[in-house]
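Chain letters run A, B, ... following the sequence lines, proteins first, then strands; residues in each count from 1. The basis for the numbers below is simple: all heavy atoms, side chains too, and nothing from hydrogens, waters or symmetry mates.
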Protein chains: 2
Amino acid sequence: MARTPPHPDTFDLQQVLEALVDPVRRSIVTQLDASGQDIKCGAFDIPVSKSTATHHFNVLREAGLIRQYYVGTSRMNTLRRADLDDAFPGLLDALITRPAGH
Amino acid sequence: MARTPPHPDTFDLQQVLEALVDPVRRSIVTQLDASGQDIKCGAFDIPVSKSTATHHFNVLREAGLIRQYYVGTSRMNTLRRADLDDAFPGLLDALITRPAGH
DNA sequence: CCAGAAGTACGACGAGTGTCAAACTTTGAT
DNA sequence: ATCAAAGTTTGACACTCGTCGTACTTCTGG
């Protein structure tokens, strides 16, 4: 079931940072931001197994960075940009608006 | 020895984030920013032993967040605000400009 | 109804990291 | 000289976290 998994309505800086400190998770956020669209779990370009991917998406969702909902067997992911920008102004911009450099 | 310990002249986002994800280290940075002055290691309000404190200061220095120099037996710490703002615009502001919040 | 696709749940394992105590070093003051 | 103050170094330890494989659940299409 779990038509829609639980999403936090409040944000914790510590939790958000712990979510964003992992390169794979930061990559997920970056890809979401770059595409400007919702992306299903399996469509991300990340170098980990499916079970590990599930773990990363859970961490991101629980920290409030993404919103998830089902479409058939696929789980779609939305970047909660507005919510994040409201809670921590400038944070996402500072972390994902880096062109190629890294 | 080590009149002046080694400081990086280049910055790595991953390393900076790993430094800032720890609450104790973020507290150190916040205290430095709030005071606007250089502070010696022993004068910070942090809930860890001296050896642990040394570890945290090393991590911050190696990531390029602070600059350290000796004054007698004391080690002074300077926040590298300008350098950081130049490398990652908005990052420090997003992380330490939180008033009381928590 | 069945097969396959898309994720999830569950252990398990290894590496990293924050923590401390104890011993040591160096500098400043008496 | 001596002593105390301020950090550093060196293990050691516990705990967390990222990772994977395997088994399981659901939903879709034929």
Write down the distance between [atom1] ([X]) and [atom2] ([N]), rounded to a whole number of angstrom.
{"X": "B:Tyr69", "N": "D:dG7", "atom1": "OH", "atom2": "P", "value": "12 Å"}
{"X": "A:Phe57", "N": "D:dT19", "atom1": "CZ", "atom2": "P", "value": "13 Å"}
{"X": "B:Glu62", "N": "C:dT17", "atom1": "CD", "atom2": "C1'", "value": "14 Å"}
{"X": "B:His55", "N": "D:dA6", "atom1": "NE2", "atom2": "C1'", "value": "19 Å"}
{"X": "B:Glu18", "N": "C:dG16", "atom1": "CD", "atom2": "P", "value": "11 Å"}
{"X": "B:Tyr70", "N": "C:dG28", "atom1": "OH", "atom2": "C1'", "value": "15 Å"}
{"X": "B:Met76", "N": "D:dG7", "atom1": "CE", "atom2": "C1'", "value": "14 Å"}
{"X": "B:Asp22", "N": "D:dC17", "atom1": "CG", "atom2": "C1'", "value": "15 Å"}

Side chain of [X], heavy atoms from C-beta onward: which of [options] has the nearest atom to it?
{"X": "A:Cys41", "options": "C:dG18, C:dG7, D:dA6", "result": "C:dG7"}
{"X": "B:Ser51", "options": "D:dC20, C:dC20, C:dG18", "result": "C:dC20"}
{"X": "B:Lys50", "options": "D:dA6, C:dC20, D:dC20", "result": "D:dA6"}
{"X": "B:Val48", "options": "D:dT19, D:dA6, C:dT19", "result": "C:dT19"}

Earlier contact from the 5' end, DNA chain D, for A:Val24 and A:Val71: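 Of the two residues, A:Val24 wins.
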Taking only N and O in the side chain of [X], is any of them less than 4.0 Å away from OP1 or OP2 of [N]?
{"X": "B:His56", "N": "C:dT19", "value": "yes"}
{"X": "B:Ser49", "N": "C:dT19", "value": "no"}
{"X": "A:Thr73", "N": "C:dA5", "value": "no"}

Considering all heavy atoms, the nearest B:Val21-A:Gln14 contact: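 Heavy atoms only, the tightest pair is O-NE2, 2.8 Å.
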Nearest atoms (heavy-atom pairs only) where A:Phe57 meets A:Ile66: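 Distance-wise, the nearest heavy atoms are O-CD1, 3.7 Å.
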Donor-acceptor under 3.5 Å (A:Gln15 side chain, A:Glu62 main chain):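 Yes; judged by distance alone, with no hydrogens or angles, the pair exists.
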Expected output: side-chain A:Arg67 to main-chain A:Arg80 donor-acceptor under 3.5 Å: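 Not a single qualifying donor-acceptor pair exists.
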Sugar-phosphate only, base, or nothing, as touched by B:Asn58 at under 4.0 Å among non-hydrogen atoms: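 The residue B:Asn58 makes no contact with any strand.
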Ion pair check, B:Asp93 and B:Arg81, cut-off under 4.0 Å: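 Answer for the salt bridge query: yes.
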Side-chain-base donor-acceptor pair under 3.5 Å for A:Ser74 and C:dA6: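 Side chain to base: no pair present.
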